[in-house]
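Indexing begins at 1, ligand by ligand and atom by atom, following the structure's order.
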Amino acid sequence: MLLTITTTHRPATDLGYLLHKNPARLHSRRQSYGVAHVFYPEAGDDRCTAALFVEVDPVGLVRDRKGFSATAGLMDQYVNDRPYAASSLLSAAMADTFGSAMGGRSADRPELVEIPIPLEFTLPALPCRGGESLLRALFEPLGYHVDARQLSLDDRFPSWGASQYFSVALKTTSTLHLALTHLYVLIPVLDNTKHYWVDEDEVEKLLAKGEPWLSTHPQRDLIVRRYLKHRRSLADLAIDRLVESDGSAIDDAGAADGTETVRGDEQEQRLERGMSLNERRMESVAGVVEALRASSVIDLGCGEGRLLKQLLPMKGVSRVTGMDVSHRSLQVARERLNLERMSKMLQDKLTLLHGSLVYRDARFNGYDVATVVEVIEHLDESRLGIFTRVVFEFARPKAVVVTTPNSEYNAKFPSLPAGRFRHPDHRFEWTRAQFEEWAQQQAHRFGYAVRFESIGDADPTLGAPTQMAVFTNQQ
Ligand code: SAH
């Protein structure tokens, strides 16, 4: 089983830093399913290729029945495509050997991680159940150029016809960590099977790896269903959570299932909840901006630009800036706002910045209002101190609007197991008392007044799903 990763980024050997694997060495690790080797067939300044070669041990897999789904006959257990075809075992090997790279960590070159680089992946035997059209429908919306050649069943017997295996080359310009998550999720989706039992943990894996691209993927529901081995309750749970994290995906959620007109009550409520929460959050924040009579706004952690879309047409607002640490989100924001086709006037009004909330940055200075919508819970609690200095001490806008989930309300999400966060990237979620205490302290420390509002339908005891603090500068 083979996957190659090639870059022509210069110097191309940077690939070694991104993969945490020195190009000069052979790296071999024994896993439960066999041995995974990583080596570099070429490593020059102009072009560098890493190969992940997995020697699957089919006999070992049978011995360890736990990691292996029931099969039809005895023969099938020993004679099958597992040794050579890309499958969930390849995804498992990717997670084992490229775990840090996939998580976007590079010990020696952290600055490389977020840089999109030219990448080419080859998979000499990729099972595509659903054919070339599905292969394209999965990768092309993510910005890949797909080259695929269907392999014959046996070259010596042309009359047997074609197999379901393809030799595939995928080209893109992307950060490596994002591209690895695409492959990790989509290889088993194409194979349409998994070599192990799937449970709730698999939903967590999918959500963690599928962020930030899955919620808006046109084939989202098919990907979720196949990834979770068609276990409907798990698929519903995953889609539910994706919808909650991305209001814009709502419009087609019912249609994709063909259940637009005969939606069950539960599904309707689910859709409505996702829709109203996201939309109401944006409306509430835009309402505060309006009431403050702000003429310039910076949206810190703007994500895919949902709030920017509301702010841009507002009459009194003459300057709107969106900032995010994720290149990919900014790219999506640019596309969703249709920046290239906007009137010159709106284009002049808008600026998109790549930056981070945990570094002091003079570009954040001089705004009437800074908004920080559903962002603080993505920061490690240990970084909140520097975040508040960056915003309240250095940027020092006249007002700051912060929203975050109210963790008490999580009890109302039936699909969310107790103690879990609403989103896998959340580092914490606070009760109303915790948020209010934190906000009061910051207000006191930096000379702001603060008031609180809730967003979404409130439960009499648990409160509303989202909480908002509005800070106004007193000096
Ligand atoms: N405000 C948007 C997005 C919320 S998701 C909305 O409500 O739709 C959280 C966003 O915070 C993501 O886009 C993520 O990339 C961004 N983010 C996380 N850490 C950040 C940091 N250190 N600096 C800037 N943005 C950050």
> Has Arg445 got its NZ or CZ under 6.0 Å from the middle of the six-membered ring of Phe392, at an angle within 45 degrees of the ring axis?
Replying inline: no

If you have a sec, work out which protein heavy atom is nearest [atom] and how many Å separate them, to one decimal?
atom                    : value
atom 22 (N) of ligand 1 : Ser356 OG, 3.3 Å
atom 3 (C) of ligand 1  : Gly301 O, 3.5 Å
atom 19 (N) of ligand 1 : Leu379 CD2, 3.7 Å
atom 20 (C) of ligand 1 : Val325 CG1, 3.6 Å
atom 15 (O) of ligand 1 : Asp324 OD1, 2.6 Å

>> Leu357 versus ligand 1: do any nitrogen or oxygen atoms come within less than 3.5 Å of each other?
In response: yes

> Quick check: does Val358 get an N/O under 3.5 Å from an N/O on ligand 1?
Replying inline: no

> Do Glu408 and Arg432 sit within salt-bridge range, that is, some charged N less than 4.0 Å from a carboxylate O?
Replying inline: yes

> Under a 4.0 Å N-O cut-off, is there an ion pair linking Arg293 with Asp368?
Replying inline: no

Please could you name the atoms of ligand 1 that [X] approaches to less than 4.0 Å, counting only its heavy atoms?
X      : result
Glu374 : 4 (C), 5 (S), 9 (C)
Val375 : 11 (O)
Met282 : 6 (C), 7 (O), 8 (O)
Arg306 : 8 (O)
Ser326 : 15 (O)

>> For Thr122 and Thr4, which I'm curious about, is there any donor-acceptor pair between the side chains at under 3.5 Å?
In response: yes

> Are side-chain N/O atoms of Thr403 and Glu374 paired as donor and acceptor at under 3.5 Å?
Replying inline: yes

> Relative to the ring of His378, is the ring of His426 parallel (under 30°), tilted (30 to 60°) or perpendicular (over 60°)?
Replying inline: perpendicular

> Would you call Leu183 and Leu170 a side-chain contact if the rule is heavy atoms closer than 4.5 Å?
Replying inline: yes

>> Within the structure provided, determine whether Leu350 and Leu337 are in side-chain contact (heavy-atom separation under 4.5 Å).
In response: yes

> Is the CZ atom of Arg383 crowded by more than 12 outside heavy atoms at less than 6.0 Å?
Replying inline: no

> Is it the side chain, the backbone, both or neither of Arg281 that has a heavy atom closer than 4.0 Å to ligand 1?
Replying inline: neither

